[in-house]
Protein chains: 2
Amino acid sequence: MTTLSVFMDVPLAQKLEGSLLKTYKQDSCPNKIFLAFRVCQTSKGQPWVSSVVPKIRLQIAQDPSLNYEYLPVNGMRSFTEAALKLLFGKHNQVIVENRVGGVHIVGDNGAFQLGAQFLKIWRKDSQIVYIISSKKEPYGLVFQDMGFTVREYSFWDSKQLCMDANVLLNVAEQAPHDCIFVIGNICDCNLTQSQWAMLMANLKVSPTSAQLPSLMPSIISSINLILFPFSFLLQNKRIFLFFDISNQGLSTGDLEKDTGFLQYFVSQGFEFFCSQSLSKNFGIYDEGVGILVVVALNNELLLCVLSQLMKLTQALWLNPPTTGARIITSILCNPALQEEWKQSLKGLVENIMLIKEKVKEKLRLLGTPGSWDHITDQNGSHSYLGLNIQQVEYLIKKKHIYLPKNSRINFTCINAHNIDYITQSINEAVLSTKGLD
Amino acid sequence: MTTLSVFMDVPLAQKLEGSLLKTYKQDSCPNKIFLAFRVCQTSKGQPWVSSVVPKIRLQIAQDPSLNYEYLPVNGMRSFTEAALKLLFGKHNQVIVENRVGGVHIVGDNGAFQLGAQFLKIWRKDSQIVYIISSKKEPYGLVFQDMGFTVREYSFWDSKQLCMDANVLLNVAEQAPHDCIFVIGNICDCNLTQSQWAMLMANLKVSPTSAQLPSLMPSIISSINLILFPFSFLLQNKRIFLFFDISNQGLSTGDLEKDTGFLQYFVSQGFEFFCSQSLSKNFGIYDEGVGILVVVALNNELLLCVLSQLMKLTQALWLNPPTTGARIITSILCNPALQEEWKQSLKGLVENIMLIKEKVKEKLRLLGTPGSWDHITDQNGSHSYLGLNIQQVEYLIKKKHIYLPKNSRINFTCINAHNIDYITQSINEAVLSTKGLD
């Protein structure tokens, strides 16, 4: 046998992420802290799991009547239906009009993989994808690998230390025709309620600017003049919307509030895709369960799109796995369990708010220069600390506190044991780099 | 908002499979029988589940120490390691030499999706894929969708009613350079032990035919003269091997015997991919759990290939789901549980043999023309009944017994309640079409 390998031309691929975690793991300092875990942590540093999940897991394992046959290609129907009702509300027009559907997908990237494949085939003119920078990895890479050009945008204004609600409008103005917008998720956009209201109010502005003053005048007057309303821009440029909802309930603790902006696009009659991931808000991260949601103008169009997605799914993984979907369906289809789940979400979000308040208060007591209101102004577990690159490097190198360069941390990694060390270190970092900007 | 849909050019996709099941479901006859289910059935018509699985499921659900964090991109390491040991044997040279590895994949098609993507990028000259006809759907479609030309082959000789061990040799002779061979799975190839021995003996023949007579002369003499040994052909034509092992233990009831042919390629120093699916032999179909196995010439090459696969996996689904892998790992890493699992496999295979014996005996008692030895000559749940197209159509239309055109049925769909009706119907079908060939 020849010793020439068939793999001889294959080079070692560069790792795309995880280098921060790797450096953290290699650090031998006993005080080291990692503030960039993907999932919410409990006060004991364990991944958060909704209290209702272990009970359901046990119930499922004890049920002798369950069938473990392959699921159909489109997945568990009861799961898709329950998840769509959760996303849009039972009586939403897209549900009533039978023009929303979903494909049960696999993993956190599954919906983007499937959706991008569809768009590659059926929207050949779409070459450019705009995606929020915090999601460039991994979601943007899915598009990039398929030949799309990926451009980033960010709501976070690192100078003003706040979320800029006009980003989507600005991006839409500059974007070429036929591009794709990945919007979300709620925690990433992280706009305050009033910022969303502003954005939506703008959206509602009709092309005839004469109607402008009658719509929420106090809000309208507080923003820059927008020459073209957002929805008009989107339609005119044939921009395709691809939402990412992976944290429903984890932003404000209120399931409906968190998808409020989606409702707006529904009411405006938009067609879109949405990656609905349900791993994080149930705490079943390791099952990577979700749905690629399709909203179409009517049922006939919807069935065509779903049938093409089915064909792609068949090649991708053939049958999706059941466990995650079974757990979620059991909870969503039982009002008492659903209520218990909602309460657990509220508890988690209240705890996140509490941690943020404490961090802010401790920094205030330490006399750390600057206002730290931006910490509590942001919703959700992952928020910007508002540090610059020198301050981040100070924390990593001098204090063994690991966080991303943009200082967007997971606040649930902060607990009673480490909050003093973290806030004192932030204080040191800010003082040590004062005047360096 | 304009009423022109962004989806207006998307047509309804044709369904690729399931039309037989659909017709069966629409049939209102109370005696209707479906003989083409994908998975093994119990005598009560339920999907077979290894007796050890429900216990482990319960144990997992009751374990408070388990972590439900996302799995890394390459999946659960303990699962991959346990599965590779199962496939090759603990002390196999590829394991000892650290040149076999695996990526934890999703769904029955996942390994082919991932492997095909890799081959598309790193073996650009490979345009043609040979695949066993019973697996053209769904595995062949994965390659086809990616632009490969898919050609079918079949071990089943419908004239002689037997498996033709020389098929792979014949295909290799006709195949162009740089093509891909999808070989397996064990039940599909369904060669008898002596046929495998014959094939392997040929494989062992060195290019100098002088050595031929010294190798198992009784077997060699019984086969046609093969001008070029198989392994020489494979190397010379740079044919890439992609095995499909989705039924280990379900062919003969013996885990090692079922992968005997894989060992041969290992011993000959071949590099290859293998889709190892573990859903069917544990009875956890709905988790679609498996591995894309990579065998390379050395560890360095292996790491390069795995790193590239990791990159693709990241875009495909990012993190594989845990439940199936956790169940299997718990069983494989516990000797007592592993033994219980092996016994359950043996029991299942013995039952399949018993059903086949009964069918043959009943046909003999009915005096059905022809020899029905081919039924018991074949291993595994899915075997050819050996009926022609007219006989199959007779069974479907007159007797409401649904089976594929090639008469390859799932014998575990036959049980005490339906065996008489089925065998009498086969007898009728054969008699009614006698002389029509």
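Letters A, B, ... mirror the listed sequences (proteins, then strands); counts begin at 1.
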Peer 1: I'd like to know which of B:Asp145, B:Asp108, B:Val49 tops the heavy-atom pair count under 4.5 Å against chain A.
Peer 2: B:Asp108
Peer 1: State, with a plain yes or no, whether a side-chain heavy atom of A:Arg38 is found less than 4.5 Å away from one of B:Asn319.
Peer 2: yes
Peer 1: Any idea which of B:Ala296, B:Gly107, B:Cys304 has the most non-hydrogen atom pairs under 4.5 angstrom with chain A?
Peer 2: B:Cys304
Peer 1: Write down the atom of A:Met8, the atom of B:Leu301, and the distance for their closest heavy-atom approach.
Peer 2: CA-CD2, 4.0 Å
Peer 1: At a heavy-atom separation under 4.5 Å, does B:Val289 approach chain A through its side chain, its backbone, both, or neither?
Peer 2: neither
Peer 1: Could you tell me whether B:Arg123 and A:Asp9 have a side-chain N and a carboxylate O separated by less than 4.0 Å?
Peer 2: no
Peer 1: So which of A:Phe272, A:Trp122, A:Phe143 has the biggest tally of heavy-atom pairs under 4.5 Å with chain B?
Peer 2: A:Trp122
Peer 1: Main chain of B:Leu58, side chain of A:Gln62: is a donor-acceptor contact present, judged purely on distance under 3.5 Å?
Peer 2: no
Peer 1: Is the closest side-chain heavy-atom distance between A:Thr323 and B:Pro321 below 4.5 Å?
Peer 2: no
Peer 1: Could you have a look at B:Leu71, B:Leu306, B:Val305 and say which one has the most heavy-atom pairs with chain A under 4.5 angstrom?
Peer 2: B:Val305
Peer 1: Hey, which of B:Phe37, B:Tyr285, B:Tyr70, B:Trp48 has the most heavy atom pairs under 4.5 Å with chain A?
Peer 2: B:Tyr70
Peer 1: Below 4.5 Å from any heavy atom of chain A, which atoms of B:Glu300 appear? Answer side chain, backbone, both or neither.
Peer 2: neither
Peer 1: So which part of A:Phe118 gets closer than 4.5 Å to some heavy atom of chain B, the side chain, the backbone, both or neither?
Peer 2: side chain
Peer 1: What part of A:Val53 is in contact with chain B, defined as an atom under 4.5 angstrom from a non-hydrogen atom: side chain, backbone, both or neither?
Peer 2: neither
Peer 1: Describe, in one word, how the ring planes of B:Phe7 and A:Phe240 are oriented to each other, choosing from parallel (under 30°), tilted (30 to 60°) and perpendicular (over 60°).
Peer 2: perpendicular
Peer 1: A:Gln144 versus chain B, heavy atoms under 4.5 Å apart: side chain, backbone, both or neither?
Peer 2: neither
Peer 1: For side-chain contact (heavy atoms from CB on, under 4.5 Å), just list the numbers for A:Glu69 and B:Val39, CA-CA rounded to whole Å, side-chain angles, deciding distance to a tenth of an Å, and then say yes or no.
Peer 2: CA-CA 8 Å; A:Glu69 235 301 23; B:Val39 314; 3.5 Å; yes
Peer 1: Taking side chain as C-beta onward, heavy atoms only, is B:Asp286 less than 4.5 Å from A:Arg326?
Peer 2: yes
Peer 1: Evaluate whether atom CD of B:Glu97 has more than 12 neighbouring non-hydrogen atoms of other residues, nucleotides or ligands under 6.0 angstrom away.
Peer 2: yes
Peer 1: Just jot down the ring pair (Phe, Tyr, Trp, His ring centres under 6.0 Å) partners of A:Tyr68, sequence neighbours excluded, or say none.
Peer 2: none
Peer 1: Dump the intermediate steps for side-chain contact (heavy atoms from CB on, under 4.5 Å) on B:Leu141 and A:Gln314, then the final yes or no.
Peer 2: CA-CA 9 Å; B:Leu141 295 173; A:Gln314 206 155 19; 5.5 Å; no
Peer 1: Measuring heavy-atom distances to chain B, does A:Pro320 have an atom under 4.5 Å in its side chain, in its backbone, in both, or in neither?
Peer 2: backbone
Peer 1: Between B:Asn67 and A:Pro47, what is the shortest heavy-atom contact and its length?
Peer 2: OD1-CG, 3.4 Å
Peer 1: Judged by modelled atom types alone, do A:Glu287 and B:Thr322 share a side-chain donor-acceptor pair under 3.5 Å?
Peer 2: no
Peer 1: Taking A:Ala61, A:Pro72, A:Ala13 one by one, which has the highest count of heavy-atom pairs under 4.5 Å against chain B?
Peer 2: A:Ala13
Peer 1: Is there a side-chain contact between A:Leu316 and B:Leu316, using heavy atoms and a 4.5 Å cut-off?
Peer 2: yes
Peer 1: Applying side-chain hydrogen bond (donor to acceptor under 3.5 Å, both in side chains), name anything that partners B:Asp178, two or more places apart in sequence or on another chain.
Peer 2: B:Arg238
